[in-house]
Visitor: 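Can you keep this structure in mind? I'll have questions shortly.
Chain identifiers are assigned alphabetically (A, B, ...) following the order of the sequence lines, protein sequences preceding nucleic acid strands; residue numbering begins at 1 within each chain. Computed from a prediction, not measured in an experiment: that's the story for all the values here.
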Protein chains: 2
Amino acid sequence: MACENETAIVLREAGQKVTPQRVHILCEVRHSGVHITASRLIEELRTSHPFIDASTVYRTLASAADLGLVYETDMGSGESEFEWVGKDRHHHLICRTCGDVTSLDNSYLDGVATLLYEEAGFQADLGHFAIFGVCKSCQTKA
Amino acid sequence: MACENETAIVLREAGQKVTPQRVHILCEVRHSGVHITASRLIEELRTSHPFIDASTVYRTLASAADLGLVYETDMGSGESEFEWVGKDRHHHLICRTCGDVTSLDNSYLDGVATLLYEEAGFQADLGHFAIFGVCKSCQTKA
DNA sequence: GTCGCAAATGCAAGTCGTTGCAGTTGCAGC
DNA sequence: GCTGCAACTGCAACGACTTGCATTTGCGAC
């Protein structure tokens, strides 16, 4: 698949060695759609590439997150979820009651980031944010 | 200490049973000052009350967080930090470079919460938030 | 093509936090 | 003061994730 070549280029540009393990892991993240937990990723890789160790997956994801290739978000389940960094920066609204995850446009928090920089000189990294609360339908049920 | 009686009252009002373990754990959180990680809390309790099991500490903290008695915040270290809920709601600015933690007034994010409720019907729980980024002094150093 | 080295990998062992379960305990009702 | 029960506790086992270390491998230099 073309994705593998592309992933290899991204890796090389980031100054990382291009190993089949890394390419497979990152391709899996790209193809997984929205979010994928580390454990589910390991499970899926176990079927397609059984020789890849869990520690390799964790290390690859951590270094990819450092380089900004993937986002790592704590979705409140205790497990981190990973997502390939696409063009559109967005956040997530996570319902504490039903666990539903909704995407949220970046614009909501842009104002906060600007304000923080102007008033505190703090360059906030609001690239990918998880906001907990109670969604509309759970509120009406209650 | 008076704190123990007070903690017991808070627990009873919250509909929880008042056990010595819970009182000790929550007192420790109250006295620890700003933030304390679960593992450090367990370590401190080990010296003062060696008979309290780690699982009891985690369960007590989780139920106290549910009841809004303590805040649970992911400070990016992988470990959750706990803080006794005082009168002032506030957030934290955490520098990715030097690890410094600064408190941030609640007002910055109040606007976001209002906007989310009006536009998405989502009741955001912004009681205690950790925002990552780069602080002023680290920016000037770079 | 092959050499050398830093980076990446796989394995095993360890830590951290959670969960199931049987026994214990706080406390409301009598 | 006694009783019953739900909530709480401690233990042990488990899953998730990390770390140390010896081995392997990608890749730039020759």
Side-chain angles (χ1 to χ4, degrees), chain A residues 4-5 7-29 35-46 48-67 69-70 72-82 99, chain B residues 4-5 7-29 36-46 48-67 69-70 72-82:
Chain A
E4 302 201 349
N5 291 324
T7 307
I9 293 168
V10 173
L11 272 176
R12 193 160 305 147
E13 280 180 355
Q16 302 244 322
K17 285 191 182 174
V18 180
T19 66
Q21 289 91 335
R22 302 205 146 192
V23 174
H24 287 141
I25 292 166
L26 295 180
C27 274
E28 196 69 44
V29 176
H35 298 102
I36 187 164
T37 64
S39 52
R40 227 193 102 214
L41 187 61
I42 289 166
E43 200 179 319
E44 300 214 347
L45 285 166
R46 210 189 304 273
S48 53
H49 309 91
F51 49 87
I52 299 182
D53 192 75
S55 65
T56 303
V57 177
Y58 285 113
R59 278 190 276 228
T60 301
L61 288 173
S63 68
D66 266 356
L67 291 165
L69 301 180
V70 300
E72 182 184 358
T73 315
D74 176 17
M75 291 298 194
S77 62
E79 287 182 73
S80 287
E81 301 209 359
F82 293 88
Chain B
E4 301 202 350
N5 291 325
T7 306
I9 293 167
V10 173
L11 273 175
R12 194 160 303 150
E13 280 180 354
Q16 303 243 320
K17 285 190 179 173
V18 180
T19 66
Q21 289 93 332
R22 305 207 142 191
V23 174
H24 287 139
I25 292 167
L26 295 179
C27 273
E28 197 69 44
V29 176
I36 188 164
T37 64
S39 52
R40 225 193 105 213
L41 186 60
I42 290 167
E43 200 178 318
E44 300 214 348
L45 284 166
R46 209 189 306 273
S48 54
H49 308 91
F51 48 87
I52 298 182
D53 191 74
S55 64
T56 303
V57 177
Y58 285 111
R59 277 189 277 230
T60 301
L61 288 174
S63 69
D66 266 355
L67 291 166
L69 300 180
V70 300
E72 180 184 359
T73 315
D74 175 17
M75 290 298 194
S77 61
E79 288 183 72
S80 286
E81 300 210 0
F82 294 87

Visitor: To the nearest 0.5 angstrom, please state how far the OG1 atom of A/T7 sits from the CZ atom of A/R22.
Guide: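 Here the rounded value is 13.0 Å.
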Visitor: Within residues 53-67 of chain A, find the residues that approach DNA chain D with a heavy atom at under 4.0 Å, and present them sorted by residue number.
Guide: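 Correct list: A/S55, A/Y58, A/R59.
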Visitor: May I have the distance from A/L45 (atom CG) to C/dG10 (atom C1'), rounded to whole angstrom?
Guide: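 A/L45 atom CG is separated from C/dG10 atom C1' by 15 Å.
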Visitor: Can you tell me which residue among A/V70, A/L69, A/T60 is in a side-chain contact (heavy atoms from CB on, under 4.5 Å) with A/V29?
Guide: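 Between A/V29 and the candidates, side-chain contact (heavy atoms from CB on, under 4.5 Å) is satisfied uniquely by A/V70.
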Visitor: Taking only side-chain nitrogens and oxygens of A/Q21, does any of them come within less than 4.0 Å of OP1 or OP2 of D/dT25?
Guide: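 It does not, given that no N or O in the side chain of A/Q21 lies less than 4.0 Å from OP1 or OP2 of D/dT25.
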Visitor: Rounded to the Å, how far apart are A/E81 CD and D/dC17 C1'?
Guide: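 Going from A/E81 (CD) to D/dC17 (C1'), I get 16 Å.
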Visitor: When the distance from CZ of A/R22 to C1' of C/dA7 is rounded to whole Å, what number comes out?
Guide: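 Distance, rounded to whole Å: 8 Å.
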Visitor: Between atom CZ in A/R40 and atom C1' in D/dC17, what is the gap in whole Å?
Guide: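 Checked: the CZ to C1' distance equals 19 Å.
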Visitor: Specify the separation, in whole Å, of atom CZ of A/F51 and atom C1' of D/dT24.
Guide: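 My rounded result for the distance is 14 Å.
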Visitor: Between B/I25 and B/V57, what is the shortest heavy-atom contact and its length?
Guide: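 So the two residues come closest at CD1-CA, 3.7 Å.
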Visitor: To the nearest Å, how far apart are B/I42 CD1 and C/dC16 C1'?
Guide: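 Taking CD1 of B/I42 and C1' of C/dC16, I get 9 Å after rounding.
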Visitor: Quick check for you: to the nearest 0.5 Å, what is the distance between B/D53 atom CG and B/R46 atom CZ?
Guide: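 Output value for this atom pair is 9.5 Å.
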Visitor: Sugar-phosphate atoms are those with a prime plus P, OP1 and OP2; base atoms are the rest. Using that split, label each nucleotide of nucleotides 25-30 of chain C B, S or - for protein heavy atoms under 4.0 Å, 5' to 3'.
Guide: -BS---
Visitor: Just how far is it from atom CD of A/E81 to atom CD of A/E72, taken to the nearest 0.5 Å?
Guide: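 One gets 10.5 Å once the value is rounded to the nearest 0.5 Å.
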Visitor: Say you draw a straight line from CD of A/E13 to CG of A/L67; how long is it, rounded to the nearest 0.5 Å?
Guide: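 One gets 11.5 Å once the value is rounded to the nearest 0.5 Å.
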Visitor: Specify the separation, in whole Å, of atom CG of B/L41 and atom P of C/dC16.
Guide: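 Rounding to the nearest Å, CG of B/L41 and P of C/dC16 are 14 Å apart.
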Visitor: Rounded to whole angstrom units, what separation is found between the NE2 atom of A/H49 and the C1' atom of C/dA8?
Guide: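 Computing the A/H49:NE2 to C/dA8:C1' distance gives 17 Å.
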Visitor: Using 0.5 Å steps for rounding, measure from the CD1 atom of B/I42 to the OG1 atom of B/T56.
Guide: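 That separation rounds to 9.5 Å.
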Visitor: For A/E44, which residues count as a salt bridge (Lys or Arg N to Asp or Glu O under 4.0 Å) partner, sequence neighbours excluded?
Guide: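 For A/E44, the residues satisfying salt bridge (Lys or Arg N to Asp or Glu O under 4.0 Å) (neighbours in sequence not counted) are A/R40.
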Visitor: Could you walk me through whether B/H24 and B/S48 satisfy the side-chain contact (heavy atoms from CB on, under 4.5 Å) test, starting with their C-alpha distance in whole Å, then the side-chain angles of each, then the deciding distance to 0.1 Å, before giving a yes or no?
Guide: CA-CA 9 Å; B/H24 287 139; B/S48 54; over 6 Å; no
